[in-house]
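FYI, the numbering just counts along the sequence from 1.
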Amino acid sequence: MSLFIESIRVEHGEVPHIDFHQARIQRTWQSCGLAHEPLQLEKLLPAALPDERHKWRLVYSEEGLVSQTLEPYVFRLIDSLKIVYCDNIDYACKFADRSILERLYAQRGAAQDILIVKNGLLTDTSIANIALSNGDIWYTPRTPLLKGTKREELLYYGFLEEADLTVEDLRRFAYIRLLNAMVDFEEWSFPTSNILFR
């Protein structure tokens, strides 16, 4: 039985963009062929929502909710990435089993995270989608490992454009940002010169 996770930001007594998380749960049910009705996040909301940023983490299976926690979010500094290659990785659903991501993350060397290349195309880091820019338009890979909720939100509102991006394309861009539901768009931002190719 597969387990899935959903990590949701809670802040200022609210759950911003809960509809994007609900949509991803719905996609998981459809793409993974789960039998029962999808979780309904509105019905699972904690009774008291904190003001400070928290992570509401749900673990679920095709039979329903397995567990949920609500804990203060600890910001992790990331300002460098190491390119790693893996053509057989499949993380289209947000699986609780992250063992393949952990094996790739172990290759990061002196960098703080990895940037995974699959079939010649840039995808994601171990915990985030990416966006690249020279200052105007922000581009995100057309084929990420996982369609993150922050990425989906920014695409919906027109802040991102999808493109097929290769390692060679990194040299065309000055900046990279990491996209994750738990952080703001500007919080993980650094120059592409901080990406290690070896």
Side-chain angles (χ1 to χ4, degrees), residues 3-28 38-61 64-82 91-98 101-102 104-105 108 111-116 123-133 138-141 144-160 175-192 194-195:
L3 292 177
F4 306 91
I5 55 176
E6 193 68 24
S7 299
I8 303 171
R9 178 173 172 169
V10 176
E11 194 168 21
H12 306 305
E14 299 178 346
V15 182
H17 313 296
I18 194 171
D19 48 336
F20 288 96
H21 290 281
Q22 187 64 58
R24 179 164 61 190
I25 289 173
Q26 187 69 40
R27 285 197 306 273
T28 299
L39 298 180
Q40 298 300 316
L41 293 176
E42 293 282 356
K43 296 178 180 178
L44 296 171
L45 280 171
L49 297 177
D51 284 331
E52 295 80 22
R53 193 179 308 182
H54 277 58
K55 180 190 284 188
W56 178 29
R57 185 175 188 270
L58 296 95
V59 179
Y60 64 96
S61 71
L65 184 66
V66 174
S67 67
Q68 62 176 318
T69 56
L70 182 64
E71 298 179 342
Y73 177 68
V74 178
F75 181 79
R76 174 179 155 194
L77 176 65
I78 300 175
D79 62 8
S80 60
L81 300 173
K82 167 79 177 295
Y91 199 70
C93 295
K94 197 170 171 68
F95 296 107
D97 179 2
R98 292 175 44 85
L101 291 169
E102 291 163 2
L104 294 173
Y105 180 74
R108 72 191 180 282
Q112 291 168 331
D113 204 341
I114 55 173
L115 178 51
I116 302 164
T123 62
D124 299 332
T125 76
S126 71
I127 59 169
N129 297 129
I130 66 166
L132 297 162
S133 180
W138 286 91
Y139 295 94
T140 192
L145 297 178
L146 178 72
K147 292 183 177 180
T149 57
K150 176 62 73 174
R151 175 186 180 276
E152 293 298 288
E153 173 197 340
L154 293 172
L155 282 169
Y156 180 82
Y157 289 111
F159 291 110
L160 296 179
Y175 309 104
I176 185 167
R177 287 183 176 174
L178 310 189
L179 317 175
N180 181 298
M182 295 304 304
V183 298
D184 293 327
F185 187 45
E186 307 81 20
E187 287 185 287
W188 277 331
S189 182
F190 50 93
T192 54
N194 287 16
I195 298 175

J.: Taking only Lys NZ, Arg NE, NH1 and NH2, and the carboxylate oxygens of Asp or Glu, determine whether Arg9 and Glu153 approach each other closer than 4.0 Å.
T.: no

J.: Output yes when a side-chain donor or acceptor of Asp113 lies under 3.5 Å from a complementary backbone atom of Tyr105, and no otherwise.
T.: no

J.: For Leu77 and Gln112, run side-chain contact (heavy atoms from CB on, under 4.5 Å): C-alpha distance rounded to whole Å, both residues' side-chain angles, the deciding distance at 0.1 Å, then the answer.
T.: CA-CA 8 Å; Leu77 176 65; Gln112 291 168 331; 4.2 Å; yes

J.: Taking the six-membered ring for Trp, are His17 and Phe20 parallel (under 30°), tilted (30 to 60°) or perpendicular (over 60°)?
T.: perpendicular

J.: Is the closest side-chain heavy-atom distance between Asn129 and Lys150 below 4.5 Å?
T.: no

J.: First locate atom CG of Leu58, then atom CD1 of Ile25, and finally report the distance between them rounded to the nearest 0.5 Å.
T.: 6.5 Å

J.: Backbone N or O of Ile116 within a donor-acceptor pair of the Thr123 side chain at under 3.5 Å?
T.: yes

J.: What I'd like to find out is whether the side chain of Tyr91 reaches to under 4.5 Å of the side chain of Asp124, using heavy atoms alone.
T.: no

J.: Using only atom types and a distance under 3.5 Å, with no angle test, would you say the side chain of Glu152 pairs donor to acceptor with the backbone of Lys147?
T.: no

J.: Got Trp56 and Leu44 here, is their nearest side-chain heavy-atom distance under 4.5 Å?
T.: yes

J.: Any side-chain donor-acceptor pair under 3.5 Å between Arg177 and Ser189?
T.: yes

J.: Report the C-alpha separation of Arg53 and Glu187 in whole Å, then their side-chain angles, then the decisive distance to 0.1 Å, and conclude whether the salt bridge (charged side-chain N to carboxylate O under 4.0 Å, His left out) test is met.
T.: CA-CA 14 Å; Arg53 193 179 308 182; Glu187 287 185 287; 3.0 Å; yes

J.: Report yes or no: does Asn180 contribute a side-chain atom to a donor-acceptor pair with the main-chain N or O of Met182 at less than 3.5 Å?
T.: yes

J.: Whether Arg24 and Glu6 form a salt bridge (side-chain N of Lys/Arg under 4.0 Å from carboxylate O of Asp/Glu) is what I want to check.
T.: yes

J.: Ignoring hydrogens, what is the shortest heavy-atom contact between His21 and Ser7? Give both atom names and the distance.
T.: CE1-O, 3.2 Å

J.: Rounded to the nearest 0.5 Å, what separates atom OG1 in Thr28 from atom CZ in Phe95?
T.: 8.0 Å

J.: Would you please test Leu81 and Phe190 for side-chain contact (heavy atoms from CB on, under 4.5 Å) and show each step?
T.: CA-CA 10 Å; Leu81 300 173; Phe190 50 93; 3.8 Å; yes

J.: Atom CD1 in Ile176, atom OG in Ser80: separation rounded to 0.5 Å?
T.: 11.0 Å

J.: Just how far is it from atom CG of Leu41 to atom CD1 of Ile18, taken to the nearest 0.5 Å?
T.: 5.0 Å

J.: Walk me through whether Gln68 and Ile8 qualify under side-chain contact (heavy atoms from CB on, under 4.5 Å).
T.: CA-CA 11 Å; Gln68 62 176 318; Ile8 303 171; over 6 Å; no

J.: In Å and rounded to the nearest 0.5 Å, what is the CZ to OG1 distance from Arg57 to Thr69?
T.: 6.5 Å

J.: Drop me the distance from Asp51's CG to Glu11's CD, to the nearest 0.5 angstrom.
T.: 9.0 Å

J.: So, Arg27 side chain and Ala92 main chain: donor-acceptor pair closer than 3.5 Å or not?
T.: no

J.: With side-chain contact (heavy atoms from CB on, under 4.5 Å) as the test, would you mind laying out the steps for Leu39 and Leu65 before giving the verdict?
T.: CA-CA 7 Å; Leu39 298 180; Leu65 184 66; 4.1 Å; yes

J.: Between the main-chain N or O of Ile130 and the side-chain N or O of Trp188, is there a donor-acceptor pair closer than 3.5 Å?
T.: no

J.: Search all heavy atoms of Ser126 against all heavy atoms of Arg76 and return the closest pair with its distance.
T.: OG-NH2, 4.3 Å

J.: Any donor-acceptor pair under 3.5 Å linking the side chain of Arg151 with the backbone of Pro141?
T.: yes

J.: Between Trp138 and Tyr175, how do the two ring planes meet: parallel, tilted or perpendicular, split at 30° and 60°?
T.: tilted

J.: Please give me the minimum heavy-atom distance between Ser61 and Val66, naming the atom from each residue.
T.: N-CG2, 4.0 Å

J.: Taking Asp79 for its side chain and Asn194 for its backbone only, find out whether a donor-acceptor pair lies under 3.5 Å.
T.: no

